[in-house]
Structures are given as structure tokens and as C-alpha cells.
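Below: the structure, in C-alpha cells.
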Amino acid sequence: MAARLWSIGSLLVLIGIIAYVFGWDMLLWIPRMALDALTWLPNMVMEAWHEQPWAVGLALLGLALMAVARVIGRRG
């Protein structure tokens, strides 16, 4: 338990020093960029779905057929 508290305390000190040196805006920019990177593809797909649902539907159907072909190919 003491080792865990020591580790958490060390992490908080490190975060505090980094926030002091670079500022909170820069420190919070990193998770914001990571979140944007994770949501970029789903946002793009949803935007495309609203603009041209048939094109996205065809692409998804093609991906499904490719997945089925991969499963069938592994069995044989």
C-alpha cells in the first residue's frame, strides 16, 4: 500500500512540474490530440454516411464480403 501511495505521489509531482514548465494548456493538449486521433475515423464515416449513404453502404458491404472470404479461406 505504501509503495502504491509513493508511486501516485511521484506521478502527481511529475505532472505538477510538467504543468509548471509547459503550462496547463500544453499539458491538456496531449490528451485532446489523442482523443481527436481516436475519433477521426468514426467521425469521417458518420459524415460520409450522412452525405452519401449508398456509397458508404457499398463500402461496408464490400468489407463484410472480404471478411467472409477471409474466414472461408482459413478453413480450407
Treat each ILVMFWY residue as a node, draw an edge where side-chain heavy atoms are under 4.5 Å apart, and state whether L63 and I72 are in one component. no
Is L38 reachable from W40 through a run of I, L, V, M, F, W or Y residues, each pair having side-chain heavy atoms under 4.5 Å apart? no
Side-chain donor-acceptor contacts of residues 43-62 below 3.5 Å, not counting sequence neighbours, with atom names and distances?
residue: N43; atom: ND2; partner: T39; partner atom: O; Å: 3.0

Hydrophobic clustering (ILVMFWY, side-chain heavy atoms < 4.5 Å, transitive) - are V68 and M66 grouped together? no
For residues 15-27, dump all side-chain donor-acceptor pairs below 3.5 Å to protein atoms at least two apart in sequence or in another chain.
none

